[in-house]
Amino acid sequence: MNQRRLLPAVALVALALAGCSSSGGDSNPKSSGPPAGSAPAGTSSSSSGDGGAPSGNLTVWVDAARLPAAKAYQKVHPNVHLNIVTFDGDGNGASTLQTKIQLWNRTGNGWPDVIFSEQVQDPVWMARKPFNFAAPIKGLVPDNLLSKWPAPSTAQCTVDGVQVCVQDNLAQVVLWVNKKLMDQFHYTVPKTWQEWAALGQKAASEHPGYIVGTMGESFSHWIYLWGDQCPVQQADGNKVTINSGDSHCTRMASLVDPLIKNQSVPPLSVFTPDFAKKYGGKDDKILVMPGPAWYGLGVFHDTLHMPNGQITAAPPLQWESETPVTTGQVGGGPWIVSRHSKNMKAAGDFVTWETTVFKAKGGYPAYGPLADTWLVDLAKNPFFAADPGPALKAAASQIWQGWSLVTYPDQPVWSNTVVTKLVAGQSLSSLLKPFGDALAQAAQAQGYQVSRN
Amino acid sequence: MNAFSLSGTRSRATRVRGPRRVRGAMFVVPYLPLLLLFGLIPMGYALKLAFTDDKGNWVGFHNFTKTFNDYRFMPAFKHILVYTTVWLAGLMIFVVGLTLVLHSRASRVSSTYRFLFYMPGALAGASSVLLWLFMLDPAVSPGEFLLRHLLGADLFVKSIAPAHLPYIFAMIAFWTGAGGWIVVMYGALNTIPTELEEAARIDGAGPITIALRLKLPLIRKWIAYMLILSFATGTQLFVEPQLVNEASLGMVPDTWSSNQLAYQVAFRFGDFNAAAAISVDLLVIGLAGAILVVTRSGLFRRDE
C-alpha cells in the first residue's frame, strides 16, 4: 500500500514543459541537410580535425523539443548508433537530472554521453562536486567555432574558469507586440518601462481584460527583475549576494503593482489552460508582453494559437533614460558532454552539429553564424506581422551580466513565495523581502555563503 | 513497516500457544524472504545510513539534528500532521458511518450502493491525482460552482492555494480509499451473528442503538486496522503533492511533504544519510502510531 505512494512521479503537463523554445512540428520546413548560409565545414560525415567519421554508440538525453534535432543528426550520421532518451528537462526547477546523475555516480555506470537541459544553470552544479559530470568542452567543439558564440553566452557556460557547455539558444527578453491590436486601439509601442506602465493603466480603463504582460510564470523575475538589474543572484564562487531590497528591485515592484491590481498584468502563467482561455486564441487579448525570444513561436504560436499576422517584437524596455539598456533572460538551454563518455569524439561531433549546423525553429541560435541564417528564415515566417529579427538581434547583446547562475533553482522559490501570494492578492513590493529570505535559505541549503545588505 | 509490526506481534502470540508454533511458522516462512528483502534489510540499511556520514563513519544523531534544523523540515511535517488528521478523521467518521447505514438497509439496495462507494477506489494513485487536477481546475471542473463558492477559486492556481492543500490531498485520499474500506467494514459487519442483532431488537433496541451499541464495538478491531494502515500511508504522502508540484509549474513546493523532503535531500542534494534520517523519523512515527492504536484497541487480543 505504501509502495504505490512512492511510484516515481510521472511528468504530466507536457504542454508547459514544451515551453522553452519548442520546435514542435509545423509550417517551416526544417533543414535536414546542411543549411545554405554560412554554415561551418565539417558537417555530415567528416568530423572536423582529427580525421575519420564519428562512429560507435552514443547516448543522448534531450527534452521533447530537442527530439527532432537529435533525430536529424542520426539521419546524416548513419555510422553513429544513436540512443535518444527524452526526459522532462523542464525549466520549473525539476530535479530529474540531479537524481539521475546521483544514481549513475552511485552505481558507477549508466551515464549518457550528452545531455541537453532546459535549465541554463544546470552546468554549474554538473561541473562541481558531488556531481562531477560535465566535461570541459574545449577540444570537443573545434576552437574556431567555439569563438563564435557571443561572449556572455560563453561566460554562462564557464564554471570555475572552465567552459563546460555550449548554449543551444539565446533567450534574451524583448517586448513582444501585438501589432494588430495596438493599431486597432491607436496605441503606440512603449519604449520605456514607464511608457509600458502607462499603457497598462490606459488599457485597464479603456479596454479592460486586455493585458500588457504576466507575472505568473515561475520565471517572471527573470523578465522583470533581471532586466532591471535587481541584484538577488550575484555569485562569486561560493558566496552569493542577495539584495532584494535594492532600489532596482523595489522600483520595478512599485511600477508593476498597480498593473497587477488593475489586472493588466495578471499573476497567471501563459502555460495554464486558464490563460489560454482568457487571453489566447483567435480573439487574443495580449497587447504587449515582455518575454524571451522563444515566446514568438513557442508561446504565441504553439501554445496560445494566435492567428498569423499579429505578433512582432520590439526592443527591450528601457528604464526612463538610463543607459545601457539591459534585459533579462529566460532559459537558453545548454548542451553538456559527460566526462564519463567512452565516445568523446562522437559526443563532440554531435554537440557541434546540433549547435552550429542544425537549425531549430523556435529558439534563437546561440552560435553566431547560425543565428544569422535563422533570422533570415524568421523574417519570412508568415506568423509575424513584421520581422521580429532586428529587435531580437539587438537584445541578444543586452542581457544583464549581473545575474549569476547558481546551483540552486530559484524558480520554485519565486513560484511558491511570490506567485502564490500575488494570486492571493498581496503586492509584489511586500513580497520582495520574503523572496530574498527564501532565496537565502535555498542558497544556504546548497552550501553558499550568503550576504544580504 | 506495518506488516513488520503486525507479524512481530502475531508471532509472539503464536509462541504463547506453544505446540502450534511449528505449524504456525510454516505459514510465515514463504513470506519471510520477501519481508527480509524488501522490508527488514532496507530498513536496516536506512538505520545504518542515518547514523553514519557518507564515508561510513559513526556520527550519532548528527543527521537527525541537521535535518531537523533544515528550514523545510518543520513545514513539511506540519503539512503532514494537518493532512493526516483531517484525512483520518474523515475516514473514521464517514467510512464507519456509511457502512453502518448501508448495513442496516435492505441487502439489494445496499449491494448497489456498495458498488457505487467502491467505484472511485478503482482509480488509484497517480491516475486519481490526474483526475483531481481536472476536478480542481474551475475552467474544466464539473464541480466548478463548488470551487467558486467553497474555495473562492475561479482559477486553478487559487484552488491549489497553499492553505487549501492539506484538505485537498485529504479529499483525494478519501475518495480513492474510502470505498475499499467501506467494503471491508461491510464484510466485518456481516460476521456479526444475526441472532445477536435479533436479540437486541427483541430487547427493544432501535436501529441506531443497534448500530452504535452493538455493531460498532464488534468491528472496533477493523477500525483499528484501518487506522494503522492509513496512518502510515498518510504520513508517507508523496505522489499527490509531487504531481501537483509539477502541474502547478512549481507553485507548490517540491518539499511539501516529509517524504518528498527525504527524496529531494537524497537526490537533489546527494545527501543519502540525511534522507535516511528523515525516513527513520517517518518510520518511528508510523511505528509509534501503530503501537498506540494496537495497545489502545486490543487489536491482537484474542480472549474476549
Side-chain angles (χ1 to χ4, degrees), chain A residues 1-13 16-17 19 88 90-96 98-103 105-106 129-131 216-218 266-269 271-275 277-278 408-409 411-417 419-421 423-424 438 441-442 444-447, chain B residues 1-3 38 54 70-72 124-126 129-130 133-134 137-140 153-158 160-163 177 229-230 232-234 236-257 259-260 263-272 286:
Chain A
M1 203 160 209
N2 301 340
Q3 267 155 330
R4 110 179 144 69
R5 301 219 156 225
L6 286 168
L7 278 175
V10 281
L12 68 141
V13 270
L17 312 187
D88 62 330
D90 81 277
N92 301 303
S95 52
T96 315
Q98 278 101 331
T99 57
K100 290 292 178 190
I101 292 176
Q102 289 274 7
L103 284 174
N105 285 352
R106 237 173 142 72
K129 280 198 289 188
F131 297 95
E217 308 300 341
S218 62
L268 200 57
S269 164
F271 298 110
T272 57
D274 286 329
F275 188 94
K277 203 170 143 191
K278 280 177 99 158
Y408 55 90
Q411 284 169 285
V413 178
W414 169 264
S415 293
N416 52 59
T417 49
V419 180
T420 48
K421 305 281 163 51
V423 170
Q441 284 180 324
Q444 272 156 357
Q446 277 287 21
Chain B
M1 169 207 310
N2 304 294
F38 301 112
D54 57 347
D70 189 293
Y71 69 99
R72 293 157 296 194
V129 187
L130 293 184
L133 289 178
F134 286 97
D137 188 340
V140 291
D154 50 0
L155 296 171
F156 179 59
V157 285
K158 290 187 187 163
I160 56 162
L229 285 187
S230 307
T233 1
Q236 291 162 28
L237 185 74
F238 184 84
V239 172
E240 285 84 353
Q242 187 75 7
L243 283 176
V244 173
N245 161 257
E246 298 200 15
S248 67
L249 309 176
M251 302 242 288
V252 174
D254 56 5
T255 52
W256 192 87
S257 79
N259 212 0
Q260 283 181 294
Y263 177 77
Q264 289 295 329
V265 167
F267 294 111
R268 183 190 280 280
F269 297 93
D271 194 342
F272 284 80

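Everything quoted here is computed from the prediction, not taken from an experiment. Numbered from 1 within each chain, the chains take letters A, B, ... in sequence-line order.
Only one option out of A:Thr272, A:Asp274, A:Leu268 pairs with B:Phe156 in a side-chain contact (heavy atoms from CB on, under 4.5 Å); it is A:Asp274.
Here A:Arg106 contributes atom CZ and B:Phe272 contributes atom CZ; the two are 4.5 Å apart, rounded to the nearest 0.5 Å. The distance from atom OG1 of B:Thr255 to atom CG of A:Asn416, rounded to the nearest 0.5 Å, is 7.5 Å. In this structure, the separation between CD on A:Glu217 and CE on B:Met251 is 10.0 Å, given to the nearest 0.5 Å.
When every heavy atom of A:Ala445 is checked against every heavy atom of B:Arg72, the shortest pair comes out as CB-NH2, 3.9 Å. Minimum heavy-atom separation, A:Thr99 to B:Phe267: CG2-CB, 2.8 Å. The two residues A:Ala442 and B:Tyr71 come nearest to each other via the heavy atoms CA-OH, 3.4 Å.
For A:Phe131, the part lying near chain B is the side chain, with the backbone staying farther off; criterion is any non-hydrogen pair under 4.5 Å. For chain A, the nearby parts of B:Pro253 are the backbone and the side chain; heavy atoms of each come within less than 4.5 Å. Proximity to chain B (any heavy atom under 4.5 Å) is shown, for A:Ala424, by neither the backbone nor the side chain. No part of A:Ile101 comes within reach of chain B, as not one of its non-hydrogen atoms sits under 4.5 angstrom from that chain. Contacts between B:Val252 and chain A at a heavy-atom distance below 4.5 Å involve the backbone alone (N, CA, C, O). When heavy atoms are compared at a cutoff of 4.5 Å, B:Ala163 does not approach chain A at all.
B:Leu155 has its side chain out of reach of A:Val423: every pair of non-hydrogen atoms, C-beta onward, lies at least 4.5 Å apart.
Counting heavy-atom pairs closer than 4.5 Å to chain A, the top-ranked of the candidates B:Asp54, B:Asp137, B:Asp70 is B:Asp137.
For CZ of B:Phe134, the number of neighbouring non-hydrogen atoms (other residues, nucleotides, ligands) closer than 6.0 Å is 12 at most.
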